[in-house]
Protein chains: 2
Amino acid sequence: MATLRNPENTRLRILNAAFEEIHKHGFQGMRIDAVLKKTNLKKGALYHHFPSKQALGYAVFEEIIEKTIIELWINPLKNYDNPIEGFKAVFIEAGQSWDDEFFKQGCPLNNLSQEMTPIDEGFRQRIQAFFNLWRDAIANELSRGQQQGLIKKEIDVTEVARFIITASEGAHAQAKIAQNKQEYFSCGKQLAIYLDTLLA
Amino acid sequence: MATLRNPENTRLRILNAAFEEIHKHGFQGMRIDAVLKKTNLKKGALYHHFPSKQALGYAVFEEIIEKTIIELWINPLKNYDNPIEGFKAVFIEAGQSWDDEFFKQGCPLNNLSQEMTPIDEGFRQRIQAFFNLWRDAIANELSRGQQQGLIKKEIDVTEVARFIITASEGAHAQAKIAQNKQEYFSCGKQLAIYLDTLLA
DNA sequence: TTATAGACAAACTAGTTGGTCTGTGCTATT
DNA sequence: AATAGCACAGACCAACTAGTTTGTCTATAA
């Protein structure tokens with residue numbers, strides 16, 4: 001409840017509730033009324049903070065989804081000397097941090113990508129830009145590994161980085177379909193086999 | 001226009017139009033009215049052939065999406081002695097058979113999976129069963145390759161088959177986001193590197 | 001203390017959408 | 001040739017949903 005009249009907090013409550021609803025039902029399936037019910041707010045409050053459902057969706061993407069992935073998948077890569085081992089560890093650690101319920105609902109980034117990319121150019125541009133950011137971050141780590149003699153010189157780091165992301169997102173997608181966390185780790189084991197071919 | 005009163009043809013026209021709309025907008029985004037406009041039919045006709053939007057969706061999945069993937073991705077595997085080479089060829093051939101527009105809209109199976117799996121149990125069961133069918137078909141080919149001494153004995157054929165599908169669907173997903181067919185083939189190249197590790 | 005703008009409530013609106021209902025002409029069987 | 005049922009047409013409806021409008025209360029600055 002906190003103090004009455006706390007606009008920053010209200011905005012965050014809306015953002016979090018909207019994220020949960022989007023995660024459950026997709027952006028199009030997310031209902032404004034569901035967000036209001038969850039936050040005990042009324043229409044006036046929500047449309048005071050966000051001009052439209054679309055703007056709310058963009059804010060959820062930028063302020064929640066992007067930030068979470070940066071914290072969980074991108075920043076930790078720096079903690080490992082060998083980027084190959086780093087990525088394996090991040091993959092496993094991320095998988096362990098979520099419960100089955102989360103896996104059943106899928107990766108929020110993946111969900112939003114597949115749903116909104118073909119029908120909303122604003123979402124598409126943000127999503128594509130973020131995937132490029134992620135890909136370049138991994139590619140940089142791989143280049144560093146190459147310079148340190150840990151990774152084969154002849155690989156195309158950008159293409160490899162893209163494939164690593166693709167396989168990771170695919171693992172989430174399959175786990176979502178099977179409603180089973182194990183499918184994620186099963187894909188991870190095969191991804192690790194691929195990753196080992198990159199070692200010098 | 002064909003002859004008046006051709007119920008089988010009418011049913012197929014509805015099915016095809018619904019498939020196109022689902023492919024463009026997702027199942028939830030597919031509008032009954034859009035299907036009617038596309039087929040020049042009225043509500044009465046559609047609801048004569050299908051009891052509900054959901055039933056229409058199930059029929060599209062079973063009679064169009066499943067069949068297409070079986071023809072394009074599963075049956076051709078039998079034409080190759082070495083299943084590894086077979087899968088590489090199928091991946092490329094499938095990619096070449098579609099134009100950019102198709103890639104922008106994504107793999108219909110992948111789309112439907114990610115959209116409907118968490119919110120419709122009927123879809124989920126059908127989709128999961130089909131992925132299992134596909135996985136087992138690939139696993140069988142891999143086993144055959146093992147027996148012929150083409151593929152390493154120690155690999156887990158089921159897990160490998162799952163990863164092959166995952167990577168393929170992931171490649172479609174990335175190409176859809178980038179709106180670019182090349183991303184698909186880029187992922188294919190790295191998948192091929194993985195596949196080669198399976199050779200005896 | 002008072003004016004002003006921000007933060008929210010609550011009722012209302014207009015458009016959309018899946019589905020229903022009744023009717024009608026065609027077609028095949030007896 | 002009569003009749004029954006199939007294959008549709010087309011009007012209608014009820015529920016839903018994003019967004020609007022008007023108004024009220026509160027905090028802050030002058």
Side-chain angles (χ1 to χ4, degrees), chain A residues 1-61 63 112 115-116 119-123, chain B residues 1-61 63 112 115-116 119-123:
Chain A
M1 283 300 138
T3 45
L4 245 46
R5 287 296 168 107
N6 187 337
E8 286 179 33
N9 184 47
T10 301
R11 193 188 136 88
L12 285 179
R13 278 165 58 213
I14 295 172
L15 235 32
N16 283 319
F19 167 74
E20 287 177 23
E21 290 298 310
I22 290 173
H23 195 203
K24 267 190 198 162
H25 306 110
F27 174 75
Q28 297 176 95
M30 179 264 279
R31 301 299 171 211
I32 296 292
D33 284 338
V35 173
L36 299 177
K37 199 174 179 185
K38 215 165 202 164
T39 52
N40 285 320
L41 292 166
K42 305 298 169 184
K43 282 264 170 84
L46 191 146
Y47 280 95
H48 173 70
H49 287 281
F50 300 95
S52 67
K53 183 184 177 183
Q54 187 187 50
L56 174 58
Y58 291 172
V60 166
F61 179 72
E63 298 178 41
L112 213 49
E115 179 189 5
M116 298 308 294
I119 59 180
D120 186 298
E121 185 60 16
F123 268 117
Chain B
M1 284 302 135
T3 45
L4 246 46
R5 285 296 168 106
N6 188 339
E8 286 179 34
N9 183 48
T10 300
R11 194 188 134 87
L12 286 179
R13 278 165 58 212
I14 295 172
L15 235 32
N16 283 318
F19 167 74
E20 288 177 21
E21 290 298 312
I22 290 172
H23 195 203
K24 267 191 198 163
H25 305 109
F27 174 75
Q28 298 177 93
M30 178 263 279
R31 302 300 170 208
I32 297 291
D33 283 340
V35 174
L36 299 178
K37 199 173 179 186
K38 215 164 202 165
T39 53
N40 283 320
L41 291 167
K42 305 298 170 187
K43 281 265 170 86
L46 191 147
Y47 280 94
H48 173 72
H49 287 280
F50 301 95
S52 65
K53 183 185 177 182
Q54 188 187 50
L56 173 58
Y58 291 171
V60 166
F61 178 73
E63 299 178 41
L112 213 50
E115 179 189 4
M116 299 309 294
I119 58 179
D120 186 298
E121 185 60 17
F123 267 118

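Here is how names work: the chains are called A, B, and so on, in the same order as the sequence lines, proteins then strands, and each is numbered from 1.
If you take NE2 on B/His49 and CZ on B/Arg11, they are separated by 8.5 Å, rounding to the nearest 0.5 Å. Here CG of B/Leu15 is found 5.0 Å from CD of B/Glu63. Values are rounded to the nearest 0.5 Å. A/Phe27 contributes atom CZ, which lies 6.5 Å from atom CD of A/Gln54 (distance to the nearest 0.5 angstrom).
Here C/dC21 presents its P atom at 14 Å from NZ of B/Lys43, a figure rounded to the nearest Å. One interatomic measurement links the two molecules: CD of B/Glu8 to P of D/dC8, which rounds to 11 Å at whole-angstrom precision. Between the CG atom of B/Leu36 and the P atom of C/dT17 there is a distance of 12 Å, rounded to whole Å. When rounded to the nearest whole Å, the span between CG of B/Asn6 and P of D/dC6 equals 17 Å.
Regarding contacts with the backbone of D/dA18, a side-chain N or O of A/Arg31 is found under 4.0 angstrom from either OP1 or OP2.
Across the helix from C/dT1-D/dA30 to C/dT30-D/dA1, the helix axis at one end is tilted relative to the axis at the other end by 0° (nearest 10 degrees, each axis from five pairs).
Scanning residues 45-55 of chain A for heavy-atom distances under 4.0 Å to DNA chain C yields A/Ala45, A/His48, A/His49.
Between B/Gln28 and A/Gln28, the side chains place no donor N or O within less than 3.5 Å of an acceptor N or O (distance only, hydrogens not considered).
When side chains are defined from C-beta on, A/Lys38 does not count as touching A/Arg13, because their heavy atoms never get closer than 4.5 Å.
More than 12 heavy-atom neighbours from other residues, nucleotides or ligands sit within 6.0 angstrom of CD on A/Glu121.
Mapping B/Lys42 and A/Gln28 onto DNA chain D by nearest heavy atom places B/Lys42 at the nucleotide closer to the 5' end.
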